Engineer: 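Just passing along the structure, written as structure tokens.
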Amino acid sequence: MTTPAISVRDLRRRYRRPRTSVREPGPVVEALKGVSFEVARGERFGIVGESGCGKSTLMRLLAGLDQPTSGEVQVEGRTVSGLPEKQLGFLRSSLQLVFQDPMGSLDPRMRVRDIVAEPLVAQRLPNRRARVAELLEAVGLGPEAGDRFPHQFSGGQRQRISIARALAPSPSILLADEPVSALDVSVRAQVLNLITDLVGDLGLTLVFVSHDLSVVRHVCERVAVMCDGEVVETGATQQIFADPQHPYTQRLLRAAPSMRRAIAGAGAADLVGDPS
Amino acid sequence: MSVLAAETRPKDASTSRVLDVQGLDVRLGRFHLLHDVTFSIDRGERVGLIGESGSGKSLTSLALLGLLPDDAHVSGSIRLAGVGHDLVGARERDLAAIRGRDVAMVFQEPMTALNPTMRVGDQVAEVITIHAGRGGRDKRAARARAVELLDQVGLPDPGDAARAYPHQLSGGQRQRVVVAIALANDPSLLVCDEPTTALDVTVQARVLDLIVRGVSARDAALLFITHDLSVVATVCERVLVMYGGRVVEAGPVTEVFRRPRHRYTQGLLAASDLDSAAAGGRLPTIRGTVPSAGTFPDGCVFRSRCDHATEVCATEPAWAGPDPGNGFACHHPAGAERAS
Amino acid sequence: MLLQILRRTATLVASLVVSSMLVFAFMALLPGDPARVALGVNASEASVAQMRQEFGLDRPLLSQYVSWMAGFIRFDLGTSYVSQVEIAPQIIDRLQVTMWLVVCAMVLALVIAVPLGTVMALRHRKPSGLVLSALSQVGVAVPAFLAGILLITVFAVKLQWLPANGWTPPNEDPVQFLRQLILPVLALGLVQGAVLTRYVRSSILDVQREDYIRTARAKGLGAGRALRRHGFRNAAIPVVTVLALQLATLLIGAVVVERVFVIPGLGSLLLDQVANRDLIFVQDIVMLLVLAVLLVNFVVDLLYLVIDPRLKVAT
Amino acid sequence: MSADLTPRPAGPLDGPTPATAEATLPPDEMPPTASPSGARRRPGASFFVGLGLVGLVVLMALVSFVWTPHDPTFVDASARLRPIGDPDYPLGTDKLGRDVLSQILVGARTTLFVGLVAVGVAGLVGVPLGIVAAMAPRRAGEPLMRGIDLLLAFPALLLAIMFSAVYGGSTLVAMVAIGIASVPSFVRLVRSGSLQVLSTEYVLAARAAGRGPWAIGVHHVLPNVSGLVIVQASVSFAIAVLAEAALSFLGFGTPPPTPSWGRMLQESQELLFAAPRLAIVPGIAIALAVLGFNLLGDGLRDHYDPRMEDRR
């Protein structure tokens, strides 16, 4: 049996809020309450959940950007959690991120070339110039894009730059955190196509986090549904969308407006399950 | 359900038309942001306005409330039922009297739309006292009515909620408060500008339900602005598709979404129809990116991204259809092959 | 709420302890023996030693600090070792004079800044707003002592409407007191008013961009009423911060204006004692000024809790 | 690169005032380049007026090194209190017969020197401290900021008085006092700017790329707060000019005979009745210098358009 790309075991993360009362200590927030799952190599894995469900915390833990309170994260068989930054070199070259905000995820003071080359510089990889040109072409931007600054690009193009940066150290795993949520509908399809193409061509493992069920359904083979710091349901995408087991998943699927159901006559009242 | 009872409507009921926008044109500096926008909404009708960034959809909503910047050049006409004058060119004093009474608005960002230093109940009561006239400025009555409204929009413990400050409420709860403010004076037109874009799916569902129920209970007209096609399909009966500051297509939701005629509408629908595309497969796309507001091409605004564009598209396409609420403006409409 | 008050009180106490140590250390540790400084270079070793003993300067530093602080808390500051007079009553005397100046100037600054800043924000793109804005920039560029000199030149020298300088306590001759108060208060207040005006303006401009102002206008409030009912309280938050800093500047800045108008305030006393080389006296006045500044900041912090309901629960 | 949505009406002397269109329009309805982060605006009129005034002061200081009409310290009993417009002395002479114009020129040198050293030191200390305070763990950053807040209780004037009480007045005392007093504003501004930068996704991306804290501080935080620092430096310079003038006025600054604007004012005081021009000329010099640096700061703020303000 091959080792999974990502393996998460009973992951917990607590934060203590600042105290608000003289007598009691600050309340403890449990962002993750014991999350476990595995992502196979080459799989397109989706994580669905609403704000505050803990999916952002989970992303940061997977990427080794935060430490769990307890539990373990393994990437390609090697433990990530609990390691100091200095020993995370293997993770930085094998796992990369694409973020949601096309404005905020690129340093406005840096040229695109330097942005894309940043992982190469940080990991002391050779042939940067050639590699950057190659990457820009792979994401559909011309080589002249390297000389410009992020604000000279549209939202969709900025996400392409973000993807080029993520691919720079030739990672085997791509974590995409709501990569198309901030994009116009007509541009969203382009970026989704780009991601699925690259993931297919390069044989990457994709972890795709989103609140948008239809996007996850389109992109991913397997889905984990998160609610309130827990994974409430995991399974093959088709199966979960066709026959959700957990009440929360059912509620979530019902609440998402769908063109097909709407044209068939569903109204706003049908999005709300039990009238309360 | 029954809590959203409509108040008695004093406005005249002879005509069913609530909003009539004719040839609305907005320029800001050297940018021409809205071109000849024409549409109307009847009583009890729910109309969606679809558009991506730069389409001019939010500008349209601000124009309806007379909240455009002072230096905007506006022409055309906006008539509202029960208001004796044109909203375009009206004095600020007259516009203020209309806002919040005849036309109300729900904005996108619930987190910042409420005054952080004022209690929620007072913010709801304020919109009642502003329009109550000289006799009716009873603060206690307004406050009691505010609690009633908060109850109607489904806030638990409305009495406590009225005394809360906005930061003590969640995003969904705040948006309910904004809806309560908008519905307080039973407006004849409710304008919602991306009211649920910042909300989670399950919260969105409840707020959409609330808006639809609140509007139908009052028999008010609804203009619902969003970029989300499936939300429009769910909430609205009719739809206007905007691109580059123009209405490029209009019609009943089922008609437009089943058989789009304008190439932009067609492309948009195809690109967002994730259900039909094979999982993990390629999606149909519209090439290029959305130009910034005011920098769209002349002639057909969509021709810079359209696969069907020809030389004739450099001229402005005429509106094809029986009326401004039904038709499209495209030289090479989809479905024409079949028809001929 | 209680937690917030306790937290801020703790900060105040800690700040006082640290700053008093700083002031003490500054005066005690720097080269230059206070007794030697006070008596001059020509004094004999014996007389210096005698003075050191008399004022406890030969004791360990910690015990010197403790007895100084203990005295400070009881406001028993001992006698000056240069002029041999009681320090505390002198300070109180002079402090009253300075308080008149500072409070009147602050009130004047507020009276100028709030309406003017608001008008400038509301008309920031019209000629009237631009002219006001330009005037306030010039006002900011004029130091208070220069304003004082210019005021004297015009109103005392050329027009001879008001006295050029001097001070009369209000209970002796109220009319003369007022006549002598006008020019120094104008000098301090106009300049501070100009600075404050710019902050009022920019914070109102910021607030006007907020979504809740748009909500207020969508409710049917006119632009002016929306600002009055929803803007001012929010705009006050950054302005109050500046106000606290300004009060501090004003307390110290009064030194210069007192010098221009020959007013016997705390600043003049401080300058006199620096000239007298009476380090202990200087140390007491400096500590008092620092105490005043820290107290102002403390009060402003509490004021935030009243203005901004978000702070009552958050940190 | 500039948003000419509305002709920038902000005539001269106008602070950072974005066009009202930005105030009411949702961002995605804005015409192109309406200040996306990173995009800079074309500098406005206040920038050029400020630059002109600052340039004038710098020019005066530079000229004074090679040429002054007279020796500014030369006492000429035969030429006392000449009026403005005197053929030999364009700006007249003071009570000792020293040439006012020459003193003003050399005084510019004093002012700039004190300001440059004070602001330079404050920036060199304050900027790294601000970045460190933002990047350090909370338990280290908090005490640091409390200490900085404490410094606010010691304005330049008070520090200078304390120093002078021990050492007597000197240029060094003025520079050190003004420098120390300027540190808190740099630290607080840079810290709040750095905190914003550190909360962005591009810093997260840099960490995921394998960048360490040093590289993030140098390559991401510093370049992105540099605009703030330049603006603050200009504003601090204006404050330093004011403080230097006040210190020399009180006799805690540059000692005689080196000319300084503040002391010229002080010396003019006894002759206010006879020769008010002796106060007005250095007064105008001070006011123009301060105005110049303030306007330059405002213009730069427009240019960088940082909506990062320290709001506690």
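A note on names: the letters A, B, ... follow the listed sequences, proteins ahead of strands, and every chain is numbered from 1. Keep in mind that this is a model prediction, so the values were computed, not measured.
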Engineer: Go through Val191(B), Val178(B), Leu114(B) and name the one with the most non-hydrogen pairs under 4.5 angstrom from chain C.
Structural biologist: Leu114(B)

Engineer: What part of Ala223(C) lies closer than 4.5 angstrom to a heavy atom of chain B: side chain, backbone, both or neither?
Structural biologist: backbone

Engineer: Assess whether a salt bridge exists between Glu109(B) and Arg174(B), defined as any Lys/Arg side-chain N lying under 4.0 Å from an Asp/Glu carboxylate O.
Structural biologist: no

Engineer: The criterion is side-chain hydrogen bond (donor to acceptor under 3.5 Å, both in side chains); which residues satisfy it with Arg229(C), sequence neighbours excluded?
Structural biologist: Glu126(B)

Engineer: Determine the option with the most heavy-atom pairs under 4.5 angstrom with chain C, choosing from Ile181(B), Leu95(B), Thr112(B), Ile98(B).
Structural biologist: Thr112(B)

Engineer: Is Ile307(C) close to chain B through its backbone or its side chain, or both, or neither, when contacts mean heavy atoms under 4.5 Å?
Structural biologist: backbone

Engineer: Which one, Gln123(B), Met111(B), Gln108(B), leads in non-hydrogen pairs under 4.5 Å with chain C?
Structural biologist: Gln123(B)

Engineer: Output every pair passing ring pair (Phe, Tyr, Trp, His ring centres under 6.0 Å) with a member in residues 126-145 of chain C, not counting sequence neighbours, ordered by first then second residue.
Structural biologist: Phe145(C)-Phe249(D)

Engineer: Between Asp122(B) and Arg119(B), does at least one N-O distance fall below 4.0 Å, as a salt bridge requires?
Structural biologist: no

Engineer: Decide whether a cation-pi geometry holds between Arg46(B) and Phe224(B); the criteria are a distance under 6.0 Å from NZ or CZ to the six-membered ring centre and an angle within 45° of the ring axis.
Structural biologist: no

